[in-house]
Trainee: 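Before anything else, here's the structure in question.
Note that the structure is predicted; figures quoted are calculated from it, not measured. Chain A is the first sequence line, chain B the second, and so forth, proteins listed ahead of strands; every chain is numbered from 1.
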There are 2 protein chains.
Amino acid sequence: MPVLKKTKQELVSEFRCREILEAACKVFARKGFSGATVDEIAEAAGLAKGTVYLYFRSKREIYLAALKRGFTGLIDETRRNMEAAPTTAAKLKAFITTRLRYAEENRDFVAIYHAEFSNVGMAYLGKEFRHLYLQQARALEAVLREGCEQGCIRRSLPAGALGLVVYEMTRGLIMQRLLGWSRATSDEDTEFLFDLLWKGVSADGG
Amino acid sequence: MPVLKKTKQELVSEFRCREILEAACKVFARKGFSGATVDEIAEAAGLAKGTVYLYFRSKREIYLAALKRGFTGLIDETRRNMEAAPTTAAKLKAFITTRLRYAEENRDFVAIYHAEFSNVGMAYLGKEFRHLYLQQARALEAVLREGCEQGCIRRSLPAGALGLVVYEMTRGLIMQRLLGWSRATSDEDTEFLFDLLWKGVSADGG
DNA sequence: GCATGCAATGACCAGCCAGTCAGTCTACCA
DNA sequence: TGGTAGACTGACTGGCTGGTCATTGCATGC
C-alpha cells in the first residue's frame with residue numbers, strides 16, 4: 001500500500017514538473033532567461049510561486065531542465081531516424097529533415113536553444129550541454145566516416161569539422177524559418193540543403 | 001576659437017566613448033548583457049559609474065553601441081575584401097577568410113554577437129540589427145547571382161537562402177574556433193569550408 | 001589668485017525579483 | 001465528524017543594480 005501511494009505521488013509530481021517545464025518553455029522563449037520571472041512561469045502553469053519551488057530548487061534549475069528536456073527529445077528523434085535510414089545519403093537527409101521538423105514542432109524550445117545555447121551560453125551552461133551538443137555532431141561524424149569507407153564521400157574532408165559545419169548549416173536554416181525569413185516550405189528547404197551538401201561531400205560530385 | 005574648443009571637447013568625448021565601449025565589450029563578452037553591471041563596465045574603463053552615464057543614456061545603449069561598432073567594422077572589412085577579389089570564387093573565399101580573421105582579432109565582439117545575436121536576440125535588438133545581418137547575407141547573395149549569370153554557379157540554387165546558409169556555415173566554424181574545438185589553423189579551416197562550398201555550388205562540380 | 005564652468009564622482013534611491021515560510025486548504029482515513 | 005499529512009499559497013524580505021544628482025576638483029581665462 002505505501003508503495004502504491006508513493007507511485008501515485010510520483011505520478012502527480014511528474015505531472016506537475018512537466019506542467020511547470022512546459023509553461024517555463026513558453027515564458028523563456030518569449031523573454032529569455034533574465035527577462036522571465038518565476039512568478040510569470042508559475043502563473044503560466046496555473047500555480048503559485050511557492051509551489052514551483054516545491055518541484056525545482058531555483059529558476060536556473062527550471063531553465064536547465066526545460067532546455068535538457070527539449071534537447072534530449074531532439075537527440076533521440078534524430079538518432080532514431082538516422083539509424084532507420086539505409087544509406088549514407090539517406091542518413092544525412094534524415095538528420096536534416098528531423099531537425100527541421102522538430103524545430104517546427106517545438107518552437108519554444110528552439111527559441112530558447114538558439115537564444116542562449118551559443119558560445120558564451122555553452123560555457124555558462126556547463127559541461128553537460130557541451131556533451132549533448134557534441135554528441136549530435138559526432139553522430140554525424142560517424143555517418144560521414146562510414147560514407148568515406150564505403151567510398152561515397154570523398155576522403156579529403158575532415159569528418160569532425162564537417163559534422164559541426166553540417167550541424168550549423170541546419171541551425172542557420174532553422175533560424176531563418178523561425179524568424180519567418182524563409183518563404184520556402186520545410187521540404188523545399190531540406191531538399192536545397194541536402195542537394196548543396198551532397199554535391200559538396202560526395203565522391204562523384206553529386 | 002569656440003569652434004576649436006568644441007573640436008577638442010569632441011575629441012575627448014570620442015576618446016571616452018571608445019574607452020567605455022572597449023571596456024564594455026570585455027565585460028559583456030564574459031558575463032552577457034544581464035550578468036554585466038554598469039559598475040563593472042565603469043571600473044574596467046577606469047571611471048566612476050556616473051561618468052559612464054555622461055556618455056551613454058543607459059546600459060542598453062552601451063550594449064547596442066558596442067555591438068554596432070564591432071558589426072559595422074566586420075561588414076566594412078568584408079565588403080572591402082570582397083570588392084577587391086576578381087572572381088566569384090575569390091569573392092566567396094574573401095568572405096570566409098575575412099570573417100574568420102576578424103573573429104580571431106575581435107574575440108570579445110564575436111562572443112557578444114554570438115551570445116545574443118540570435119533569433120530572440122534579434123527580435124529584442126530591433127530592426128537596425130536585422131538590417132545589418134541581412135546586409136551581409138545580401139552581399140553574398142549578389143555575388144552568387146553574379147556567379148550564376150557568368151555560368152560558374154549552378155542556376156538551380158536559391159541565391160537568397162544560399163547566402164544565409166553560407167553565412168551560418170562560417171558562423172559555425174567561428175564558434176568552434178572560439179570554443180577551442182578546432183585544432184586546425186585558421187587557413188586550414190578556410191580552405192576546408194571553401195572547398196566544400198565550392199564543390200556544392202559550382203556549375204562544373206569543382 | 002580669483003571666477004567660471006564643466007568633467008568626474010560615488011553615495012544614494014527606488015524598483016524589481018528570487019527565494020522563504022507561516023499559514024490555509026483538502027483529501028483521506030479512522 | 002474529527003484529525004492528520006502534505007500539497008499549496010502568496011505576502012514578505014533581503015539583496016542587488018540601473019540610474020540620479022549634489023558635491024568636488026581641476027583647467028582655463030582674466
Trainee: Taking all heavy atoms of A:A94 and all of A:N81, pick out the closest pair and write down the distance.
Mentor: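 Distance-wise, the nearest heavy atoms are CB-O, 3.7 Å.
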Trainee: Write down the atom of A:I62, the atom of A:A24, and the distance for their closest heavy-atom approach.
Mentor: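 Nearest heavy atoms, A:I62 then A:A24: CG2-CB, 3.5 Å.
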Trainee: So that I know where these two stand, are B:Y133 and B:F71 an aromatic pair - ring centroids less than 6.0 Å apart?
Mentor: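 No, they do not, as the ring centres are separated by 6.0 Å or more.
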Trainee: Is the shortest heavy-atom distance from the side chain of B:S202 to the side chain of B:I153 under 4.5 Å?
Mentor: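 B:S202 does not reach B:I153 side chain to side chain.
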Trainee: Indicate for each nucleotide in nucleotides 7-20 of chain D, in 5' to 3' sequence, whether protein heavy atoms under 4.0 Å reach the base (B), only the sugar-phosphate (S), or nothing (-).
Mentor: SBBB------SBBB
Trainee: Roughly how far, to the nearest 0.5 Å, is NZ of A:K59 from CZ of A:F33?
Mentor: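 So the CZ of A:F33 and the NZ of A:K59 are separated by 4.5 Å.
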